[in-house]
Number of protein chains: 2
Amino acid sequence: MTRPSEVTRERITKAAERLFAERGYDGTSIRAIVAKARVNQAAINYHFDGKDGLYREVLRAAFRAMTEDQLAHAEEAKAMSREDALRAFIRRQLHPLMGRDEYSRYMRIFNWEAVRPTPVFRALVSEEAAPFMGLAANLVRRFLPGADPRTVTVASIWLIGQCSVFLRNREQLAQSPIGLVLDDAAVEWLAGLIGGWLVGGLGRQA
Amino acid sequence: MTRPSEVTRERITKAAERLFAERGYDGTSIRAIVAKARVNQAAINYHFDGKDGLYREVLRAAFRAMTEDQLAHAEEAKAMSREDALRAFIRRQLHPLMGRDEYSRYMRIFNWEAVRPTPVFRALVSEEAAPFMGLAANLVRRFLPGADPRTVTVASIWLIGQCSVFLRNREQLAQSPIGLVLDDAAVEWLAGLIGGWLVGGLGRQA
DNA sequence: CCGATTTTCAAACCTTCGTTTGAATTCCCA
DNA sequence: TGGGAATTCAAACGAAGGTTTGAAAATCGG
């Protein structure tokens, strides 16, 4: 692996990540990225095979960062009770709320995709979402044994959605009217709250 | 007022409203609008003084449609108890949830603006939001007499935000996992729910 | 029905976009 | 250290964007 070219790649992805988060895919030009990264314009085509390829790389990194924590603890969950596993899932799902602003950028990118998904995003999700969705589905099945696949899918999406409300609107919630700043303790409290509701709701349906 | 030219203007605004809602401001081209409206390309510059002017007109119509109902009932509210006035405010705020899909388009446009506000939107809000915000502020002051202006502003935004969650995510909420279809009765029920929370919350602070 | 005004139209203009090109430079291992 | 591969670079290309233009057509009051 050649060193200097890795530097170029990294400078491009860092600059692109920031600009895509701020202005969205269409609002970000190749020329703006290379100016911020202080790199030649053709470098994006050389290293990433075009703007789409670069965006795909940024999306992939964001997606991985948001799911790797869950996937890493998949085995532990099996040994826990379904209630504890669910609460642990929720807590990890809310984990990006604490700490680095790297996650804020990722959430902004996903917010852009929520308004109007790009083809790149659709393709990536259909490839990479499977293992993560499988995790949620396994959890759901412990509460709804014997449920048909369609019900499991729906319940999994619903489960993930419970947390994404807080993830998606983190910036707005933290601002003036609400001022919901979530430190470690607050996230723990929030996770307990949501976890309780979900255990109650899913338990009742079983 | 000349008739035929009004037809042209209306065809343009109708087509533009749909395209802006679907693809956002940047994603919508002049050429796409005139093709959908079956109108000459220069007509947009002639009638609206450019793309910005057209977008401004569409935004203004959307803004008016979403606030006119509240403003029309401003006088009635003064004769009601603060609790009833608050509940009526909430109910009217949720009103777009029922009925015409014209409102869905308006909400989609506002969703685009929520991710990254355009200069046109910022300017329009600073001009047209004042009377509507004043309405909410009056309501808040009945619960928080003697509160400083800043607190009133914050509380007003918070009050409006309680409803916008349901308005903004209407389409997603109606879809598969949640299936929250809000007919007249459901909106009435939801308004009572939110109204109760707010009366409780604000009442306690007074 | 005339003549001034308003409105439409096709074409071109200029800018910005993503991508391509081919030469120049740097890198790295044999 | 020399030579082939990898990487950088400035320039240009073609497509698509918003706007402008000036003439043709339609409109409408008198």
Side-chain angles (χ1 to χ4, degrees), chain A residues 1-59 109 112-113 116-124, chain B residues 1-59 109 112-113 116 118-121 123-124:
Chain A
M1 187 199 304
T2 46
R3 276 281 112 232
S5 69
E6 281 303 312
V7 172
T8 301
R9 281 182 64 98
E10 178 130 343
R11 275 159 67 155
I12 291 174
T13 50
K14 285 292 169 223
E17 183 187 298
R18 283 171 165 76
L19 287 172
F20 283 141
E22 193 180 339
R23 311 180 190 178
Y25 179 81
D26 287 328
T28 302
S29 72
I30 290 283
R31 285 170 174 82
I33 296 171
V34 299
K36 193 181 184 74
R38 286 178 308 169
V39 147
N40 186 270
Q41 188 175 163
I44 287 180
N45 244 276
Y46 179 77
H47 286 285
F48 299 95
D49 199 34
K51 189 186 180 185
D52 273 21
L54 171 58
Y55 187 57
R56 187 189 154 85
E57 199 88 348
V58 171
L59 273 185
I109 293 177
W112 281 103
E113 294 291 345
R116 174 159 243 251
T118 61
V120 179
F121 180 75
R122 289 189 194 276
L124 188 71
Chain B
M1 185 199 306
T2 45
R3 278 278 116 239
S5 71
E6 281 303 313
V7 172
T8 302
R9 281 183 64 98
E10 177 130 343
R11 275 159 66 155
I12 291 174
T13 51
K14 284 293 167 225
E17 183 187 300
R18 283 171 166 77
L19 287 172
F20 282 142
E22 194 180 339
R23 310 179 192 179
Y25 179 81
D26 286 328
T28 302
S29 72
I30 290 281
R31 286 170 173 83
I33 295 172
V34 300
K36 192 181 184 72
R38 286 179 308 169
V39 147
N40 186 270
Q41 188 176 166
I44 286 180
N45 245 276
Y46 179 77
H47 286 284
F48 300 95
D49 199 36
K51 188 186 180 184
D52 273 22
L54 171 59
Y55 186 57
R56 187 189 155 84
E57 200 88 348
V58 171
L59 273 186
I109 293 178
W112 281 102
E113 293 291 346
R116 173 157 244 251
T118 62
V120 179
F121 180 74
L124 189 71

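Keep in mind that the numbers below use all heavy atoms, side chains included, and drop hydrogens, waters and symmetry copies.
Sorted by first then second residue, the side-chain hydrogen bond (donor to acceptor under 3.5 Å, both in side chains) pairs that include residues 11-22 of chain B, not counting sequence neighbours, are B:E17-B:R105.
DNA chain D is contacted by A:H47 of residues 47-59 of chain A, taking any non-hydrogen atom closer than 4.0 Å. Taking every heavy atom of residues 21-28 of chain A and every atom of DNA chain C, pairs under 4.0 Å involve A:T28, by number. Contact check of residues 36-45 of chain B against DNA chain C (heavy atom, cut-off under 4.0 Å) returns B:N40, B:A42.
Residues passing the side chain to side chain contact (heavy atoms under 4.5 Å, CB included) test with B:A43, sequence neighbours excluded: B:T8, B:I12, B:V39, B:H47. Qualifying side chain to side chain contact (heavy atoms under 4.5 Å, CB included) partners for A:R31, counting only residues two or more places apart in sequence or in other chains: A:S29, A:Q41.
Taking atom CD of B:E6 as the reference point, atom P of C:dT8 lies 10 Å away to the nearest angstrom. D:dA11 atom P lies 13 Å from atom CZ of A:R31, rounded to whole Å. At whole-Å resolution of the value, CD1 in A:I30 and C1' in D:dA16 are 16 Å apart. If you take CG of B:L19 and C1' of D:dG17, they are 15 Å apart, rounded to a whole angstrom.
Heavy-atom minimum distance, B:A15 versus B:I33: CB-O, 4.0 Å.
Checking the phosphate oxygens (OP1, OP2) of D:dT7, no side-chain nitrogen or oxygen of A:T8 falls inside 4.0 Å.
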Without placing hydrogens or testing angles, list every side-chain donor-acceptor pair under 3.5 Å for residues 49-56 of chain B, not counting sequence neighbours.
from	atom 1	to	atom 2	distance (Å)
B:K51	NZ	B:Y25	O	3.0
B:K51	NZ	B:T28	O	2.8
B:D52	OD1	B:Y25	OH	2.2
B:Y55	OH	B:E113	OE2	2.3
B:R56	NH2	B:E127	OE1	3.1

